[in-house]
Each structure stands twice: as C-alpha cells, then as structure tokens.
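Owing to the predicted nature of the structure, the values given are computational and were not obtained by experimental measurement.
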Amino acid sequence: MTAQQPLAYDAFVELAAADPAVVGLVLKGSRAHEGMTTEHSDHDLYVVLADGATTALTRFTGHRTPELDLVVLSLDEFRAAGMPGFERYALARARIVLDRLDGGIARILAGKARLDADEAFQEAGGWLDAYANSLYRSVKDDRDGHALAARLDAADSMRFLLELLFALDRRPRPYNKYLEWELARFPLPGWDTGVLLDATDRVSGTGDVSTQRHLFAQVEAVARQAGHGAVLDAWGEDLDLMRPR
C-alpha cells in the first residue's frame, strides 16, 4: 500500500494498531458525532506517534480520499493541535479508537474541550465587544433604511454571540454543522436551547431588530454577571440603541 492508493478505514486501523510506534488513534468529524453520519461521510483520523519514533506509517502523511483522511503527527504535536484554533472543537468531541498511554490520549482531548479560565475570560471579552459592534451596526442600518446591511450585520452578530456564549462556559464553539447536535447534548447553562436556536435562526435570516434587542438584554445580564461590565459600559449611550424599547 502507498499513500496514493485508496485505503479503507478498517484496514488502516488494523495496520496502525499493530505498529508499536502508534500511541493513539483519534477519530473526529461526523463519524465521531452520533447521528451525524451520512453516505458522504469520510473517516477523519489522527494517527499519534510516540515522540522520536520511526515508522513506515509516515508514508501516509497527507493521505486524503473520499473514504479516509489521515493526519500523522507526534505526541507533542498532537498535544498542541487546535490549541487554540478552528480544530479545537473537532478534537474536543473526537472519539478515541486507540489509547496506549493509559488514558493519556483521553486526558489530552479533555483538555482541549475545556478552556483555561483566563483564556476563556479574555476571549469572552473580545467576542462580547464584537457582538455589540455588529448588533449596533445592524440596528443603525435598519433605522436608516439599509435593509441588506442590517441583515448582514445581524448575521455577523450571531457568529460573535455564539463564540461569546461558549467562551463563557469555557468551551470551544462548535462548527455550525454541529451546533444543534452540541446544544441538544450539552446545553449552555442558563439558556433554553430551543429559544436560543429560534432567536439565532430569526436574527440570522431576517435581522429582526426586536428579537436582537431582547436577545441583547439576556446577553447583557449574563455578561455583567460574568465580570464583563466594563466592555459594555465602554459603549456608553449607544447601549440604549441595543436595548429593548
């Protein structure tokens, strides 16, 4: 077999599990999310090698087919993967196929699923300011008759809001594909999942100002309770435009 030839997932797992250089196999993506697999789903697999190990499996580095995508990397590289970055959520909800480190791979994944307290606080402050900025722009756009701009800014604001809410819970935000899956299994504390998703859908699709303002009222209360009042107060009188009338 070569990295260019089609290779089945089960066949590769058997091959990798027989190689002592491999200390972990981690499956991410739709096949690690129960109920999300379709006929188009491939297998996204991390192959974690002992640091300094030599193995012929490195020939599969970059292997990518409709059936199987492989990321071959050292244990040190795996510890750093997605920290921070877009890959962090994928690893936070990944499924362990092989762990030769007596739970070491599981501990690494658990660490990726939980943001450090200082990191989460700093990120939340930044996302809160970005959310307020897009919300403010959307409401002004609507007031001034710029309907398209109002909807676009509203949609942007929801991206920032979701980042904020997950950061407040010290979690990486899921990809849009997995948002409903994530919230159905791991709700955000203090938020009704159905209400939040309905508001997200309405604001993203229509830019409805009333919905935006009522949602902001909830966000403001939560953000102030979490210690981010200074970020909001910096908006001064502009907050009046964002709050419910």
Among L70, V72, V71, exactly one meets side-chain contact (heavy atoms from CB on, under 4.5 Å) together with L45. Which residue is that? L70
Would you mind listing every salt bridge (Lys or Arg N to Asp or Glu O under 4.0 Å) that reaches into residues 134-148, with sequence neighbours excluded? none
Under the side-chain contact (heavy atoms from CB on, under 4.5 Å) test, which residues partner D192, sequence neighbours left out? V195
Could you give the distance from CG (D19) to CG (L57), rounded to the nearest 0.5 Å? 4.5 Å
Who passes ring pair (Phe, Tyr, Trp, His ring centres under 6.0 Å) against Y175, sequence neighbours left out? Y89
I want to check a possible cation-pi pair here: R170 against F121, using under 6.0 Å from ring centre and within 45° of the ring axis as the test. no
Under the side-chain contact (heavy atoms from CB on, under 4.5 Å) rule, collect the residues that match up with T58, sequence neighbours excluded. L49, T55, T61
Cut-off 3.5 Å, no hydrogens considered: what does the side-chain donor-acceptor table look like for residues 150-169, sequence neighbours left out?
{"from": "S157", "atom 1": "OG", "to": "A154", "atom 2": "O", "distance (Å)": "2.6"}
{"from": "D169", "atom 1": "OD2", "to": "R171", "atom 2": "NH1", "distance (Å)": "2.9"}

Pairing residues for A217 by the side-chain contact (heavy atoms from CB on, under 4.5 Å) criterion, not counting sequence neighbours: P244
Excluding sequence neighbours, so at least two apart, what forms salt bridge (Lys or Arg N to Asp or Glu O under 4.0 Å) with D233? R224
Closer than 4.0 angstrom, basic N to acidic O: yes or no for E34 and R185? no
Set of ring pair (Phe, Tyr, Trp, His ring centres under 6.0 Å) partners for Y46, sequence neighbours left out: F78
Smallest separation among heavy atoms of L232 and L239, with atom names: O-CD1, 3.4 Å
Whether the T37 and R31 side chains hold a donor-acceptor pair (N or O, under 3.5 Å, no angle test) is what I'd like checked. no
Go through L179 and R173 one step at a time and tell me if the side-chain contact (heavy atoms from CB on, under 4.5 Å) criterion holds. CA-CA 8 Å; L179 177 63; R173 177 197 161 181; 5.8 Å; no
Which residue pairs pass the side chain to side chain donor-acceptor pair (under 3.5 Å) test with at least one member in residues 98-120, sequence neighbours excluded? R88-E119
Does V47 belong to the same Ile/Leu/Val/Met/Phe/Trp/Tyr cluster as V23, with side-chain heavy atoms less than 4.5 Å apart forming each link? no
Check side-chain contact (heavy atoms from CB on, under 4.5 Å) between T54 and all other residues, then give those that pass, not counting sequence neighbours. none
Side chain to side chain donor-acceptor pair (under 3.5 Å) pairs touching residues 66-77, sequence neighbours excluded, are R64-D69, S74-E77, D76-R79
Could you go step by step and tell me if V219 and L135 meet the side-chain contact (heavy atoms from CB on, under 4.5 Å) rule? CA-CA 12 Å; V219 174; L135 167 61; over 6 Å; no
Applying a strict under-4.5 Å side-chain criterion to I, L, V, M, F, W and Y, I'd like to know whether Y178 and V26 cluster together. no
My understanding is that only residues two or more places apart in sequence, or in another chain, count here; which of them pass salt bridge (Lys or Arg N to Asp or Glu O under 4.0 Å) with D10? none
Does the side chain of W235 come under 3.5 Å of the side chain of D129 through a donor N or O and an acceptor N or O? yes
